[in-house]
Amino acid sequence: MDEKPVVLVEGLHKHFGAAHVLKGIDLAVDSSRVVCVIGPSGSGKSTLLRSMAFLDPYDEGRVFIEGRLLGYRETDGKRVRDSDRNIDSVRSVIGMVFQHYNLWPHKTALGNVTEALRVVRKLGRREAERIGVEMLAKVGVGDKAHDFPARLSGGQQQRTAIARALAMRPHVMYFDEPTSALDPELVGEVLQVMQELAGEGMTMVVVTHEMGFAAHVADEVVFMDGGEVIERGPPDDIFKRPRSGRLREFLDTWRSRTI
Amino acid sequence: MDFLGIISNHHNAFLAGATMTAVVSAVSIALGMVLGLWLAFGLISPNRLIRRASAVYRSAWRGTPILVQLLIVFYLLPEIGLDVPPVAAAIIALTMNTAAFQAEIFRGGLLTIPPGQVEAARMLGLGVLHIRVRILVPQMLRLVLPALVNETISILKNSSLISVIAVTELMRTSQQVVSVTYRPLETYMIAAVVYLAMNLVLARAGAWFERRQAPAAAR
């Protein structure tokens with residue numbers, strides 16, 4: 001294991017207007033570890049992940065990606081928002097997958113995957129397409145390369161989005177409720193791809209409602225409620241020996257729902 | 001009623017006038033599209049100053065009559081030392097006018113594209129300009145095509161106003177024909193038919209584009 005965590009979050013605070021949605025979050029994600037963030041809707045877990053990517057700028061605290069501060073420059077104790085170029089550079093090792101896939105509908109599955117390869121990594125068309133086809137095959141949609149997203153099922157679209165992120169060779173993958181928008185019968189195929197990724201040693205942060213996935217795949221589970229981390233630990237402790245009342249209540253609600 | 005006589009004697013003049021109408025309209029629409037795109041992104045800019053400035057421009061050009069704009073541009077340019085021919089003044093005025101309307105059309109289209117698409121692009125390291133040109137604009141143009149055809153038809157019709165600054169387009173040609181034939185009714189009806197024909201071609205072209213784009217634009 002590397003000495004430095006891939007992602008290090010220190011004392012993160014975030015406000016949306018008057019609402020205090022993140023209240024001092026600390027988190028360290030070491031290389032090849034899978035951290036699942038669970039919690040009720042509105043607990044701040046998606047905001048945490050978005051702040052860790054600087055899609056939602058955080059107000060206080062720090063996010064380090066492989067040791068580099070994300071989003072701000074600090075000089076003489078003052079901090080200013082970093083340039084877009086530096087922000088892009090720091091987060092170039094992050095791959096992100098969203099709840100609503102966010103594929104570009106006017107490009108084919110392959111076009112979605114090759115766009116950044118060609119423009120950001122400046123690969124030639126042939127090389128970009130070779131990688132694109134390889135990534136689509138890896139997530140099981142190799143035969144859909146030339147289809148537009150509208151022709152794909154939700155599960156196929158989400159797997160294409162995963163391929164798009166993987167093509168950039170990220171060192172860490174963020175998943176923001178990747179199966180929440182899917183029909184129930186399509187959830188499994190996406191979770192399976194994610195599980196395979198974890199098995200290959202990909203460092204992952206997964207915000208999810210899939211307790212089964214968290215229990216089986218996570219190295220650490222973080223339970224959030226009301227903008228705070230209430231409890232964290234190995235999945236066995238979190239799911240079998242919850243210490244806090246709020247986590248017990250959350251798990252009870254979830255169990256009663258799944259019966 | 002002597003349509004055939006007027007047409008056979010003056011068809012070259014009508015053709016030249018219609019050509020001028022088409023060229024001025026097409027150039028204005030095309031230049032207005034470029035300006036309108038910048039303006040549309042200005043209208044939705046996170047920067048308040050840019051947003052305000054864009055809104056002021058939009059409101060000023062949308063809220064005054066084209067005829068007034070045309071005359072102001074025509075008389076203002078020589079004042080500031082730009083001695084341009086009337087046709088250039090006409091193109092400038094129509095361009096600046098249609099830019100305001102196109103910007104509003106584009107803004108509406110851009111707002112329907114889910115912001116998540118931009119976030120995904122940002123996370124992949126794509127730059128703002130690239131995202132606009134390759135991801136937002138192509139989708140938006142498909143969405144706003146019908147409105148854009150409408151605006152093009154508007155400009156083509158409103159280009160008749162530039163006859164007042166002595167640009168010999170279809171309207172002014174018709175006036176000249178009237179002054180030698182003394183047949184205003186027939187002459188203006190011929191002009192109307194030519195305008196209608198050009199606009200029908202535009203509408204057809206728009207419908208063709210829409211059909212061609214439909215499969216890829218579906219979500």
Side-chain angles (χ1 to χ4, degrees), chain A residues 49-50 52-57 83-85 87-108 111-122 146-152 157-158 160-170 172-174 176 181, chain B residues 33 37-38 40-42 44-51 105-106 108-148 206 208-219:
Chain A
L49 194 70
R50 292 172 56 82
M52 286 162 58
F54 213 67
L55 283 176
D56 286 336
S83 65
D84 279 356
R85 179 182 299 209
I87 293 174
D88 280 349
S89 162
V90 174
R91 68 180 169 196
S92 63
V93 298
I94 305 171
M96 188 149 179
V97 174
F98 300 84
Q99 181 177 358
H100 296 287
Y101 335 131
N102 296 346
L103 294 177
W104 306 308
H106 62 303
K107 293 185 182 294
T108 61
N112 268 273
V113 180
T114 55
E115 185 75 8
L117 288 174
R118 299 203 54 192
V119 177
V120 181
R121 298 237 329 249
K122 311 225 183 294
H146 299 289
D147 283 350
F148 286 94
R151 300 279 305 271
L152 306 179
Q157 289 190 52
Q158 190 60 298
T160 301
I162 293 173
R164 178 173 68 174
L166 285 179
M168 299 299 283
R169 299 211 193 126
V172 56
M173 286 283 287
Y174 290 179
D176 186 8
Chain B
M33 191 176 292
L37 277 171
W38 282 108
F41 284 108
I44 58 171
S45 166
N47 182 317
R48 180 183 302 208
L49 204 67
I50 294 175
R51 216 165 49 229
I105 293 171
F106 295 152
L110 289 170
L111 291 180
T112 65
I113 300 174
Q117 285 187 30
V118 175
E119 292 183 343
R122 296 291 297 138
M123 287 307 294
L124 290 163
L126 296 170
V128 172
L129 189 65
H130 182 88
I131 292 172
R132 288 181 181 181
V133 174
R134 293 290 301 273
I135 291 171
L136 296 177
V137 171
Q139 292 186 67
M140 180 273 286
L141 284 180
R142 284 172 192 170
L143 288 166
V144 303
L145 191 62
L148 205 54
W208 180 80
F209 265 113
E210 243 176 275
R211 267 199 313 278
R212 211 181 64 125
Q213 304 281 17
R219 295 208 187 156

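Residue numbers start from 1 in every chain, and the chains themselves are labelled A, B, ... in the order their sequence lines are given, proteins ahead of strands.
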- Message: Does B:Arg51, at its CZ atom, have more than 12 non-hydrogen atoms belonging to other residues, nucleotides or ligands within less than 6.0 Å?
- Response: yes
- Tell me, please, which residues at least two apart from B:Glu119 pass salt bridge (Lys or Arg N to Asp or Glu O under 4.0 Å). A:Arg50
- Message: Using every non-hydrogen atom in the two residues, find where A:His106 and B:Arg134 come nearest and quote the distance to one decimal.
- Response: NE2-O, 2.9 Å
- Message: I need the B:Arg122 CZ to A:Ile87 CD1 distance, nearest 0.5 Å.
- Response: 7.5 Å
- Message: Could you tell me if the side chain of B:Gln117 sits less than 4.5 Å from the side chain of A:Pro105, heavy atoms only?
- Response: yes
- Note on the structure: d(B:Met123 CE, A:Arg164 CZ) to nearest 0.5 Å is 11.0 Å
- Donor-acceptor under 3.5 Å (B:His130 side chain, A:Ala116 main chain): no
- Does any heavy atom of chain B fall under 4.5 Å from the side chain of A:Ile94, the backbone, both, or neither of them? both
- Considering all heavy atoms, the nearest B:Leu124-A:Val120 contact: O-CG2, 3.5 Å
- Message: Quick check on the structure: residues of residues 97-104 of chain A within a heavy-atom distance below 4.5 Å of chain B, by number.
- Response: A:Phe98, A:Asn102, A:Leu103, A:Trp104
- Task: Identify which of A:Glu115, A:Arg121, A:Arg151, A:Met168 forms the greatest number of heavy-atom pairs closer than 4.5 Å to chain B.
- Result: A:Glu115
